[in-house]
Structure formats: structure tokens, C-alpha cells
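This one's a predicted model, so the numbers in the text were calculated from it and none came from an experiment. Keep in mind that the numbers below use all heavy atoms, side chains included, and drop hydrogens, waters and symmetry copies.
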Amino acid sequence: MDYYNSTGIYDNSSYNRFGTFNGGLNSSNITTGKRGDALDFDGASSYIDLGSPAYLNFTGRPSFSVSAWVKADSLSAYDGIISNSIGSS
């Protein structure tokens, strides 16, 4: 997470994707991580929104991998790390 502004962050890939801060998350939540910068989520409402671009529509696509480095203070059965959903349902 090398590049960010007051509204969100860019990924570290060659694609330069952008995600917006939501749920009270902002650039003040950037902290030192294990490898460079990291984000400190509140565990309740903060998230990064990548929108609904075609490259995130995985229906009918071949297998793919997703990874995340997470240090959680606690997790419940309903906590999620990565989600692909539309709206609040």
C-alpha cells in the first residue's frame, strides 16, 4: 500500500486499481504493517470499496486465488475478510 490519498488507496500491482475508504475509514487509519504500510480497520463498519468493475465479476471464470494478511484481535463466525457483494444484503 504505497499510494493513497484522502479518499482511498491504490493497490501495489501494475494495474493501479483504486479502492475508496468507507465506514469511517480514512488515511489516518494507515499504520505500520509487517511489510510496509497497513490499514487498521475498526472491526465493525470500516471497509475498502472497489466498486463493481467487470474484472471483479468472477462468475463463469476459471479458478483464481485471493490472499490477505490479517491480524485480528478477535473473530466471530460471521466476520468476513474478503467479500464480493452488492448492497447491504
Side-chain angles (χ1 to χ4, degrees):
M1 190 178 67
D2 296 330
Y3 306 104
Y4 58 90
N5 62 33
S6 62
T7 62
I9 62 169
Y10 292 91
D11 70 5
N12 284 347
S13 76
S14 60
Y15 298 107
N16 206 32
R17 308 283 194 218
F18 185 77
T20 57
F21 296 130
N22 284 275
L25 194 66
N26 58 54
S27 60
S28 69
N29 295 97
I30 295 173
T31 186
T32 301
K34 189 76 169 172
R35 303 260 191 258
D37 289 336
L39 279 170
D40 186 8
F41 294 86
D42 66 11
S45 62
S46 57
Y47 64 98
I48 299 292
D49 190 340
L50 300 175
S52 299
Y55 64 82
L56 290 179
N57 182 359
F58 301 118
T59 305
R61 293 200 179 186
S63 298
F64 62 92
S65 297
V66 176
S67 66
W69 287 26
V70 177
K71 179 183 176 194
D73 294 329
S74 65
L75 290 173
S76 77
Y78 301 103
D79 290 335
I81 304 302
I82 297 173
S83 173
N84 185 357
S85 63
I86 298 173
S88 59
S89 57

> Under 3.5 Å, side chain of D49 to main-chain N/O of T20, donor-acceptor pair present?
Replying inline: no

> Are W69 and Y4 co-members of a hydrophobic cluster defined by side-chain heavy atoms under 4.5 Å apart?
Replying inline: no

> Just by distance, with hydrogens left out, do N16 and S13 show a side-chain donor and acceptor under 3.5 Å apart?
Replying inline: no

> Is there a side-chain contact between F18 and T7, using heavy atoms and a 4.5 Å cut-off?
Replying inline: yes

> Roughly how far apart are I9 CD1 and D37 CG, rounded to 0.5 Å?
Replying inline: 10.0 Å

>> Does any part of the side chain of Y47, heavy atoms only, come nearer than 4.5 Å to the side chain of L39, both counted from C-beta?
In response: no

>> Among N26, I30, T31, exactly one meets side-chain contact (heavy atoms from CB on, under 4.5 Å) together with S28. Which residue is that?
In response: N26

> How long is the gap from OG on S46 to CG on N29, to the nearest 0.5 Å?
Replying inline: 6.5 Å

> So which heavy atom on G33 is nearest to which on A38, and how close?
Replying inline: CA-CB, 3.7 Å

>> Nearest 0.5 Å, please: how far is CZ in R17 from CG in N12?
In response: 13.5 Å

> When you look at F41 and I48, which way does the side-chain contact (heavy atoms from CB on, under 4.5 Å) test go after all the steps?
Replying inline: CA-CA 10 Å; F41 294 86; I48 299 292; 4.2 Å; yes

> Does N22 reach the main-chain N or O of L25 with its side chain, forming a donor-acceptor pair under 3.5 Å?
Replying inline: no

> Around Y15, counting heavy atoms of other residues, nucleotides and ligands shown, do more than 12 lie under 6.0 Å from its OH?
Replying inline: no

> For the residue pair I81 and A68, what are the closest heavy atoms and their distance?
Replying inline: CG2-CB, 3.9 Å

